[in-house]
K.L.:
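Okay, here's the structure, questions in a sec.
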Amino acid sequence: MLPLASLAFALTDTSPVESFLKQLPTVAKSPLAFVAYCLVVAAWVVSLWLSGQPERKTIEILNTFKGDDARLQALTRLTGKEPPQGLTGNKAILAWVASSNRNRTKTLYLVGWAITLVAVIVFVIAWRATPPVPDHEIQITFQRVGTINDCPDIGTKAKLSVLVAGKVIATPAISGNCHASLSVSTADKRDVTLALSDAAGYILANPAQTYSLADSEWAPLLSSSDHARLSIFLFDYASSCPQNLDTAAKFQAMLGLRAHAIRGMFKPLDHRYDYLGSLKPVLAHQRFDYSSAQEAQYAVNNASLQVLTGICSPEGQYATMRSEVFAADLHGELPEPLVTKFVVKPENFGDTRDIHTASILYTLAEEGLARSIDRDIVEQILGQAKEKASQIQDPAAVQITEAVDRRLRQLEVGKPKVLPE
Amino acid sequence: MRPLLATLLVLLAVPATWAQRVNALVAPFDSSRSGNSHLGRKTAMILNLELWQTLRVPPAKGKPVAGKILWLNAPFVPTSYAMADQAAAHMIDDPELVLWGRSWDYGGGTVVEAFLLLRGPLAEDGVLRDIWSVPLDAGHQLSVTAPREQVEFNPIVIRTDLLGDLNDPSGLKLYSDLTTNTPKGLLGNDFEAKQHTANGAEVRLLPNGPTGWVHLPELSKSHSEVVDFTGGVIRIFRHDWNGAADLFNKVLDNSHSPGAVRVDACLYMAIAAAMTGKDSYSWIRRAYEINPYSRAVAQYLFMSRISDFNRLSEAAQGGPEGKRLLHSLQEAVNLEHGLFPANDPWLANVRSFLLTHPQ
């Protein structure tokens, strides 16, 4: 039995005290534990009863016999000792009886403690005999609010706490990206709340949300704090293009690669632009179905720079891809949403790519203005947007170019840029 | 990573004394999205050969710098600028330019995205070396690097039927001349060009092999700016100013060239013009029309004005023409200073130049 228990400790890598505490609820209900309880109770009941018996009998004698001789004879029978001469009065008689029984009482208490020790040993045996309570692992996977299975990188410095009534009971280990795990006793089925800090700009979307320790998976939702908004959300494009089932997927892949190219448009040694390296596409894996107000809230909650959705539909020989680009409070001088529409054919690949690059750049400039970043960075970004859009013959490109010009005029207080001769 | 094997395509008649060399790597393009695993290698091979065709011996004047186009003969396909840089960094020749890209099946056709990474010329500290310098006062000089390090070209719609069965340049057939159809062998790994024509090139196999002609396949029906621009940059690095101007003119004449490529082409044209004593400012104006909010354009603008001023004789610098150029520079600084960070040391040098040359 004991070696098995030791092996259990080794496997679970927990201390005996931890193991004991975890097993306590189970051990306490075991038959051996009940034997121990009975022993303790019986020992002390009997000891206390026996130790009080002479006093009870003395009171009975005093109440039964009125004459001193009769009382002394009865007391002699009771205690086995002859009472001293002249012992009179109830109080004096009771004190003498208590004194005569002191050794007996001590012996009875000793027996009571001895039996208690035996009961403790029985309890320990019961604990050792009880198989260790298996921990169960709770897999915690954070998800960005408003997405399905999008795993935001909260960094390895993030601190997650599990709380019961405001008290921290555990701090699960963060295993990277959006994952953490918590090992708890299967017997523990309490409801808990979570607290998250230092999570690379993410916060819990619903900090009051409760989770059960009895569950095996938790999926807390995260939203972004007030850092730069650098996520481009790609919602599923509806596709009714039978000849090109994967057209929408390829279109999305192409847009996703755009986000990664933005940092390289600016000088690598100017590290003020490094934040653009965190620009990333996020596949929402769902259809976009929000009202304008919801979309705006979604954008803020998710640190979203843009939200893209659209539809692929057949038109004659080719498919047509219609995109809607939402920027919520960052749309600036652009219409909300910005609508682009391109026939999906090889010759249009470049324009489609560059229109979206230009719109990302424009929204980045608005985002930079909102955070009051250096003005020269905003102007450079707007310049790049103009460079991309101005060469494209398309209504959306014209809208971007005009939006850039308007924004730049506002930044320069209406002063046109005319190169000197 | 082991040093990557590369096919060496060396320029014709490079004097042995030319120790300096500009190396350009054309890496296999990523074709994982096109459903044709060979497409990326074929595309890169053709761009490699087309780029090779732009190499020429620069005129006697200028810096003796050779040109070399490298072919990545390893199963490594870069899919980002970082990977392109990694591929180049592990090559013995440490190429200054890397052309890489990816192909897509899109809308029933095949589209190729090409990207150019400028890794050099690098200074000893690994920072992109200045490609244009103008003297200031007291032995100081003002310099600029390439307008941008990452260049994105207009996608090329390619004709896959024209690509044939080739996967690398060594498989090209060698002919006695371009009129015959009977090959006399294969090109192999190492060769140099003797002359280029519109349809092919005369080559000599290295080290002491025979000469022959190779037909060069087409990539697409419409001309792409990828090769002209990359070839132009190589010529700039080689100080072949007139040759660079020829190629950048083609880039600017090409209606498919995107705005960013046009801006850069204008700025390179400005360097070529300044270096050959021509008007560089008109090229800056063209770039400025496309993007007046580029710090690179502003820097080249200031460089152009100072270069023009420096070309004047001492007497002329104090005369009306000198004053006009200084006034123009001052106006440009007033107009463009917002494109620079506060306390930018480069801009401070320009302002210092203006202070020492009162208008």
Side-chain angles (χ1 to χ4, degrees), chain A residues 243-244 246-247 250-251 253-254 257-258 260-261 263-270 272 317-319 321 342-354 357-358 374-392 404 408 411-412 415-421, chain B residues 33 79-82 102 104-111 113 115 117 127-128 145 148-150 152-158 222 256-260 262-263 281 284-285 288-297 301 305 324 327-332 334-342 344:
Chain A
Q243 72 275 38
N244 272 312
D246 63 346
T247 299
K250 281 190 175 164
F251 182 73
M254 184 262 283
L257 287 168
R258 289 292 76 208
H260 297 302
R263 172 62 185 98
M265 293 179 181
F266 303 93
K267 288 286 181 187
L269 293 180
D270 192 340
R272 295 176 304 156
Q317 185 189 351
Y318 294 103
M321 193 66 73
F342 284 101
V343 173
V344 181
K345 58 181 183 178
E347 292 77 11
N348 286 346
F349 183 92
D351 284 354
T352 309
R353 182 189 74 174
D354 291 344
T357 307
D374 291 348
R375 184 62 60 84
D376 65 296
I377 295 179
V378 173
E379 289 195 24
Q380 294 282 305
I381 294 174
L382 285 170
Q384 291 284 340
K386 185 182 168 84
E387 205 173 73
K388 286 278 177 198
S390 61
Q391 300 290 307
I392 303 170
V404 168
L408 284 166
L411 292 177
E412 292 164 11
K415 184 178 161 190
K417 288 188 89 169
V418 179
L419 203 57
E421 287 298 325
Chain B
R33 289 183 179 82
T79 57
S80 65
Y81 282 104
R102 54 180 162 246
W104 299 77
D105 264 359
Y106 190 79
T110 303
V111 179
E113 284 185 290
F115 308 98
L117 171 66
V127 177
L128 204 63
T145 57
R148 77 188 86 208
E149 286 77 38
Q150 299 181 7
E152 195 170 271
F153 296 105
N154 205 31
I156 308 166
V157 180
I158 64 169
S222 59
H256 292 102
S257 300
R262 287 176 175 279
V263 167
Y281 196 57
I284 305 287
R285 291 182 75 91
Y288 194 86
E289 282 168 15
I290 302 169
N291 186 359
Y293 301 98
S294 158
R295 195 191 309 165
V297 173
L301 166 60
R305 294 281 82 169
R324 185 188 71 80
H327 181 70
S328 171
L329 176 61
Q330 181 65 65
E331 276 190 41
N334 293 343
L335 193 64
E336 305 299 332
H337 70 89
L339 294 173
F340 293 80
D344 182 65

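Every heavy atom of this structure was used, including side-chain atoms; hydrogens, water molecules and symmetry mates were not. Chain letters run A, B, ... following the sequence lines, proteins first, then strands; residues in each count from 1.
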K.L.:
Within the supplied structure, the quantity of interest is the number of heavy atoms (other residues, nucleotides, ligands) at a distance under 6.0 Å from H260(A) NE2; does it exceed 12?
P.N.:
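Counting neighbours around NE2 of H260(A), more than 12 heavy atoms of other residues, nucleotides or ligands fall under 6.0 Å, so yes.
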
K.L.:
Is it the side chain or the backbone of F340(B) that comes within 4.5 Å of chain A heavy atoms, both, or neither?
P.N.:
backbone

K.L.:
So which of P341(B), P292(B), S294(B) has the largest heavy-atom pair count under 4.5 angstrom toward chain A?
P.N.:
P341(B)

K.L.:
What residue in G383(A), S390(A), A389(A), G350(A) has the most heavy-atom pairs under 4.5 Å with chain B?
P.N.:
G383(A)

K.L.:
From D351(A) CG over to N154(B) CG, what is the distance, rounded to the nearest 0.5 angstrom?
P.N.:
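Here the rounded value is 7.0 Å.
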
K.L.:
Specify which of P258(B), G338(B), S257(B) makes the most heavy-atom pairs with chain A at under 4.5 Å.
P.N.:
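Maximum pair count with chain A is reached by G338(B).
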
K.L.:
Could you walk me through whether I290(B) and Q391(A) pass side-chain contact (heavy atoms from CB on, under 4.5 Å), step by step?
P.N.:
CA-CA 9 Å; I290(B) 302 169; Q391(A) 300 290 307; 4.1 Å; yes

K.L.:
Checking L329(B) against chain A: side chain, backbone, both or neither under 4.5 Å from a heavy atom?
P.N.:
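No part of it gets close to chain A.
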
K.L.:
By a 4.5 Å heavy-atom criterion (distance strictly below it), what part of D270(A) contacts chain B: side chain, backbone, both, or neither?
P.N.:
side chain

K.L.:
Top residue by heavy-atom pair count (under 4.5 Å) with chain A, among E336(B), R102(B), R262(B)?
P.N.:
R102(B)

K.L.:
Would you mind checking which part of E387(A) comes under 4.5 Å of any heavy atom in chain B, side chain (CB onward), backbone (N, CA, C, O), both or neither?
P.N.:
both

K.L.:
Return the minimal non-hydrogen interatomic distance between R353(A) and F153(B), and the atom names on each side.
P.N.:
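Distance-wise, the nearest heavy atoms are NH2-O, 2.9 Å.
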
K.L.:
Shortest non-hydrogen contact from R295(B) to Q380(A)?
P.N.:
N-NE2, 2.8 Å

K.L.:
Verify the neighbour count for atom CZ of R375(A): are there more than 12 heavy atoms of other residues, nucleotides or ligands below 6.0 Å?
P.N.:
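Open.
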
K.L.:
Return the option, out of R324(B), H337(B), R305(B), E152(B), with the maximum number of heavy-atom pairs under 4.5 Å with chain A.
P.N.:
E152(B)

K.L.:
How far apart are the C-alpha atoms of W104(B) and L257(A), what are their side-chain angles, what is the distance that settles it, and do they pass the side-chain contact (heavy atoms from CB on, under 4.5 Å) test?
P.N.:
CA-CA 12 Å; W104(B) 299 77; L257(A) 287 168; 3.4 Å; yes

K.L.:
What part of Y281(B) gets closer than 4.5 Å to chain A, counting heavy atoms only: side chain, backbone, both or neither?
P.N.:
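Just its side chain gets close to chain A.
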
K.L.:
Test side-chain contact (heavy atoms from CB on, under 4.5 Å) on K267(A) and T145(B) and set out the steps.
P.N.:
CA-CA 10 Å; K267(A) 288 286 181 187; T145(B) 57; 3.2 Å; yes

